[in-house]
Undergrad: 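Structure below; questions to follow.
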There are 2 protein chains.
Amino acid sequence: MIIMSKNITIGEIARLAGVSKTTVSRVLSGKTNLVKDETLEIILKVIKEQNYKPSIIARSLRTKKTKLIGLILADIENPFYSRVAKGVLDEAENLNYTVIISNSNYSITLEKKLLETFINRQVEGLLLTTMNLDESMVQTLQRAGIPFILIDIKTGMESVNYVTNDNYYGGKLAAEYFMQKGHKNIGYLGCEKLNSLEERKLGFKKALQQNGINHEYEARLKEITNVSGIFNDIKALIRDKKITAFFAGNDYIAIQVLNFVTNELKLKVPEDLSLIGYDNISISAAARVPLTTIMQPKYSMGKIALEQLMQLIKNNHIGGTTKIVFKPELIERDSVKKLN
Amino acid sequence: MIIMSKNITIGEIARLAGVSKTTVSRVLSGKTNLVKDETLEIILKVIKEQNYKPSIIARSLRTKKTKLIGLILADIENPFYSRVAKGVLDEAENLNYTVIISNSNYSITLEKKLLETFINRQVEGLLLTTMNLDESMVQTLQRAGIPFILIDIKTGMESVNYVTNDNYYGGKLAAEYFMQKGHKNIGYLGCEKLNSLEERKLGFKKALQQNGINHEYEARLKEITNVSGIFNDIKALIRDKKITAFFAGNDYIAIQVLNFVTNELKLKVPEDLSLIGYDNISISAAARVPLTTIMQPKYSMGKIALEQLMQLIKNNHIGGTTKIVFKPELIERDSVKKLN
DNA sequence: GTGAAAGCGCTAACAT
DNA sequence: ATGTTAGCGCTTTCAC
């Protein structure tokens, strides 16, 4: 059984302190130079006694500032996204902002719906990680006057802000490393729905091509969440094309492939098959075979994305756009063999 | 440059439709039986034309219902918590609730602060995963009239609700499995600050004791995030006590220990050392050595915790308490050796 | 079936 | 240095 204490409001505090609501409000918002010291003290005392906390809702309604930002994660369970989220969350805590998080499950349809909800909740800004925005979504956001930044996604649209890494360059890094280790029959595993992965593929294939290596070996996930859908393709590529190395669009894919080839195909990595991933998620170092991968600064990306978003909010998102691109690095571990 | 369309409100819709705000409001809240069909149609048309979305803030202020629930995660990056979070998020989406997430980083101090924020935001309910609540926090919550449910934590306090698994039983499972595989010198690795881990330890040690096996071998993390702090202790236990098997309080610890003993001590798991974890986080199957572990239903726990919370909210959290305890199961993989 | 009026808890002009 | 007043956008009596 709960004893609900009557909701204590600013009016009640004012009454108890013998002043007007305005004066209390001034104290609340730190405009204490406008309040006599004595009065201040009394008010502070009453606030403390009553354990009064102003209603953020009422304040939001009045000021149009909700101190709320929205974060849409493609998949909160993928350590890449949860690491980014941690960066966002920690920074939000510093800035005294609260974060609404939703999981889009890589679905644009769901993301659109979530976007609506966030707009209705009057978030001051949005951080987005799901695939590509279409023009209608950008318009919706702009009409609502809500600034937003894409994380790990780029777009052609000039006015759209993003924080990402140089995926094209990262793909190139992977290709060069394979070639340096003597690999010639190299395949790519990815999903066309994620444009960050597509960029990685482009850089990867371009580097192969420039060195006269066949760049057409590829298996495509129909759904990013369904890695097992390409297991047969992988098997065929290894058998028919004598593939010795795969570049996976991200570590999540790489690790599942690693398990598949080990358990089902009875191949040893890297002895029989080499593998490079992307993202350097926390589990990659602890994988069955420690995974060589391309690292991007996930935590920083989350943190910086929020910092930039705050700038946009502060400036009423007029003026320059935010386009931040980190340089990825190859992390050498044990999943690539040196061929003779 | 953004063109801010004037904020369109219920009054504007009413004016455009030639009716009162009340009538529009009735349409908004689905009380369409109180509205003439013709009128309904007109209003719907105007709403659509104007792309009008009611302000959730204003509605919240008026109704005292925010449709917001708060989720405090001890560590969003630990796959255990992010899997639980996914269960919560998916269910919230079904129920049309929005979720505020914060990361307490296992800090009770920070959690207290976050709790205040959430209360001020008038969340309708709270889901908590950080360690133990103290009485003052429980009181704060009860005074604010906000129902809450603990996930993966139990407490002695009679009135406190939780959704967890039977950690004591899980610990017992691990001990029995080790004994069945012929191990006699068995150690435990955990952290006293997390009471779910303490329960696991208790069940584990009790089972050993009942079989006449020394149950005092143990290394304790000072901070749950700092696994490397016990590496020396582990080394000493193996050397001095001839430990052949460790039960780690969770998979996160187990996997870092797995890496340490492999890389630094040059021991082979399970040939030289056996390991059991807890939680069955997604990476455990993909670890360097697929990890034998105790599984608890993380996604369901998140989902069910929210379902139960909704019941409490609906019933004004009067009446019976929610105490749900899942039965954990041992998942057999490759990290335990059979001794002769 | 519909509308007028009040009010949720706060802040921001505008006095004084 | 402080108070009066109005109003943010909605829902909810209550009246017709």
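Quick caveat: nothing in here was measured; it's all calculated off a predicted structure. A note on names: the letters A, B, ... follow the listed sequences, proteins ahead of strands, and every chain is numbered from 1.
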Undergrad: B:Asn96 and B:Lys67: which non-hydrogen atoms are nearest, and at how many Å?
TA: O-CD, 4.0 Å

Undergrad: Output all residues satisfying side-chain hydrogen bond (donor to acceptor under 3.5 Å, both in side chains) with B:Asn51, sequence neighbours left out; order by chain, then residue number.
TA: B:Lys53

Undergrad: In chain order, what residues pass the side chain to side chain contact (heavy atoms under 4.5 Å, CB included) check against A:Lys323, with sequence neighbours excluded?
TA: A:Glu158, A:Tyr162, A:Thr321

Undergrad: The helix from C:dG1-D:dC16 to C:dT16-D:dA1: angle between its terminal axes, five pairs each, to 10°?
TA: 30°

Undergrad: Check every nucleotide of DNA chain C for an atom under 4.0 Å from a heavy-atom of chain A, then give the first and the last such nucleotide from 5' to 3'.
TA: C:dG9 to C:dA13

Undergrad: Please list residues of residues 20-39 of chain A whose heavy atoms come under 4.0 Å from any atom in DNA chain D, ordered by number; otherwise none.
TA: A:Ser20, A:Thr22, A:Thr23, A:Arg26, A:Asn33, A:Leu34, A:Val35, A:Lys36, A:Thr39

Undergrad: Go through the structure and list residues passing side chain to side chain contact (heavy atoms under 4.5 Å, CB included) with A:Ser104, not counting sequence neighbours.
TA: A:Ile72, A:Ala74, A:Glu111, A:Leu114, A:Thr130

Undergrad: Looking only at heavy atoms, which two atoms of A:Ser159 and A:Gln142 are closest? And how far apart?
TA: OG-NE2, 3.5 Å

Undergrad: Less than 3.5 Å apart, any donor N or O on the side chain of A:Asp90 or A:Tyr299 sitting next to an acceptor on the other?
TA: yes

Undergrad: Test of understanding: with side chain to side chain contact (heavy atoms under 4.5 Å, CB included), list the residues that count as partners of A:Leu306, not counting sequence neighbours.
TA: A:Ile69, A:Val88, A:Glu91, A:Ala92, A:Leu95, A:Leu127, A:Leu309, A:Met310

Undergrad: Under 4.0 Å from a heavy atom of chain A: give me the 5'-most and 3'-most nucleotides of DNA chain D that qualify.
TA: D:dA1 to D:dG9

Undergrad: Only distances under 3.5 Å count here; give the side-chain donor-acceptor pairs of residues 23-33 of chain B to other protein atoms, sequence neighbours excluded, each with its distance to 0.1 Å.
TA:
unit_1  : atom_1 : unit_2  : atom_2 : d
B:Thr23 : OG1    : B:Ser20 : OG     : 3.4
B:Ser29 : OG     : B:Ser25 : O      : 2.9

Undergrad: Where along residues 42-64 of chain B does a heavy atom fall under 4.0 Å from DNA chain C?
TA: B:Leu61, B:Arg62, B:Lys64

Undergrad: For A:Thr63, what residues pass the side chain to side chain contact (heavy atoms under 4.5 Å, CB included) criterion, not counting sequence neighbours?
TA: A:Arg59, A:Lys65

Undergrad: Test your reading of the model: is there a side-chain donor-acceptor pair from B:Asn161 to the backbone of B:Thr322, 3.5 Å cut-off?
TA: yes

Undergrad: Can you sort out the partners of B:Thr109 under side-chain hydrogen bond (donor to acceptor under 3.5 Å, both in side chains), two or more places apart, ordered by chain and number?
TA: none

